[in-house]
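Index from 1, following the sequence. Both counts, for ligands and for their atoms, begin at 1 and track the order of listing.
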Amino acid sequence: MKKKINNEDIIIASHNEGKVSEIKDLLKNYDLKILSSSDLGIDEPEENGSSFEENALIKASTTSMLSKTVSISDDSGLCVNALDGEPGIYSARWAGPKKDFLYAANKIQESLLKIEAIDYSAYFICVLAVSWPDGDYRIYKGRVDGTLSFPPRGKNGFGYDPIFIPLGHESTFGEMDPQFKHSISHRNHAFKLFSKELLIEG
Ligand code: ITT
């Protein structure tokens with residue numbers, strides 16, 4: 001059993017501001033000093049894995065080795081059932097170099113129209129990797145199912161939030177109060193598993 005992480009530094013291995021702010025919010029009740037890899041000037045490693053798990057581990061282990069501090073990463077994405085799970089691990093890349101998620105949303109809509117899809121179901125995945133400088137690591141996974149809706153709606157959140165309506169709701173993640181999104185999201189599910197096993201509420 002790994003020692004609990006308490007009253008110590010922890011690095012979020014991410015350069016995505018929307019993600020970092022959600023993670024900080026999810027960890028706000030714990031006694032941790034949280035920095036991100038952007039704060040430390042650690043470059044983003046190449047995400048050349050073939051799964052969410054591999055990419056999450058690449059980010060967390062590179063960052064924990066460089067910072068000599070326990071690091072967590074979140075590899076996440078939107079998987080569209082009618083598109084065989086795409087964009088999936090390529091969710092960030094579908095937005096292009098300008099990280100334009102309206103462009104990515106448009107690309108998804110066009111792909112669905114092209115195949116005359118009836119099924120607009122989709123899900124978000126979050127794989128959280130925790131890595132220690134000694135090479136040990138843990139992986140936790142969360143998922144939220146929902147339906148895609150076009151045109152995009154709402155200015156909250158980030159990425160694909162304005163086109164995703166979680167099951168049982170009518171608003172997109174982009175329209176929801178951020179605290180409410182955090183309470184039902186794929187990220188929340190993964191972080192719950194992580195905190196239950198490795199954190200001590202402070
Ligand atoms: P880091 O690797 O630096 O953390 P990234 O943006 O490259 O940042 P990913 O490789 O995990 O992160 O890409 C996942 C993409 O999926 C991300 O850019 C978001 O646009 C999208 N995504 C993930 N979680 C999301 C969420 O909760 N809401 C909306 N979009 C999300």
Atoms of ligand 1, numbered as shown, that sit under 4.0 Å from any heavy atom of [X]:
X	answer
D75	9 (P), 10 (O), 11 (O)
G77	16 (O)
E44	1 (P), 2 (O), 3 (O), 7 (O)
H186	24 (N), 25 (C), 26 (C), 27 (O)
K59	1 (P), 2 (O), 4 (O), 9 (P), 10 (O), 11 (O)

[Y] versus [X], side-chain donor and acceptor atoms under 3.5 Å:
X	Y	value
S14	N16	no
D9	T69	no
T63	S71	no

Any idea which of [options] brings a heavy atom closest to [atom]?
atom	options	value
atom 28 (N) of ligand 1	D161, I89, D74	D161
atom 23 (C) of ligand 1	A56, S36, S76	S76
atom 22 (N) of ligand 1	F101, F173, F158	F158
atom 9 (P) of ligand 1	K19, E17, H182	K19
atom 31 (C) of ligand 1	F124, W94, F52	F124

Could you identify the single nearest non-hydrogen protein atom to [atom] and state the distance to 0.1 Å?
atom	result
atom 30 (N) of ligand 1	Y160 N, 3.1 Å
atom 24 (N) of ligand 1	R187 NH2, 2.9 Å
atom 17 (C) of ligand 1	N16 ND2, 3.9 Å
atom 16 (O) of ligand 1	S91 CB, 3.4 Å
atom 3 (O) of ligand 1	H15 N, 2.8 Å

**Asked** Given the side-chain rings of H182 and F191, with only the six-membered ring counted for Trp, is the space between their centroids under 6.0 Å?
**Response** no
**Message:** At under 4.0 Å between heavy atoms, is it the side chain or the backbone of E47 that contacts ligand 1, or both, or neither?
**Reply:**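 Looking at E47 and ligand 1, just side chain atoms fall under 4.0 Å.
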**K181 to ligand 1, any heavy atom closer than 4.0 Å** = yes
**Asked** Residues in ring pair (Phe, Tyr, Trp, His ring centres under 6.0 Å) with F164, at least two apart?
**Response**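 Testing F164 for ring pair (Phe, Tyr, Trp, His ring centres under 6.0 Å), a comparison that skips the adjacent residues, returns F124, F173.
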**Item:** Nearest-0.5 Å distance, OG of residue S131 to CE of residue M65
**Value:** 8.5 Å
**Request:** Find the distance between CD1 (I10) and CD1 (I23) and round it off to the nearest 0.5 Å.
**Result:** 9.5 Å
**Request:** Return the minimal non-hydrogen interatomic distance between I58 and T62, and the atom names on each side.
**Result:** O-OG1, 2.5 Å
**Message:** Looking at every non-hydrogen atom in both residues, tell me the closest pair between S91 and Y160 and how far apart they are.
**Reply:**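 Of all heavy-atom pairs spanning S91 and Y160, the closest is O-OH, 2.6 Å.
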**Message:** Checking the N or O distance criterion of under 3.5 Å, is ligand 1 in contact with E22?
**Reply:**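 There is no such contact.
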**Prompt:** Given the rule in the side-chain contact (heavy atoms from CB on, under 4.5 Å) test, do I108 and W94 qualify, once you have shown the distances and angles that lead to the verdict?
**Reply:** CA-CA 9 Å; I108 291 178; W94 271 42; 3.7 Å; yes
**Message:** Looking at E175 and T172, would you say the former's side chain and the latter's main chain have a donor-acceptor pair under 3.5 Å?
**Reply:** yes
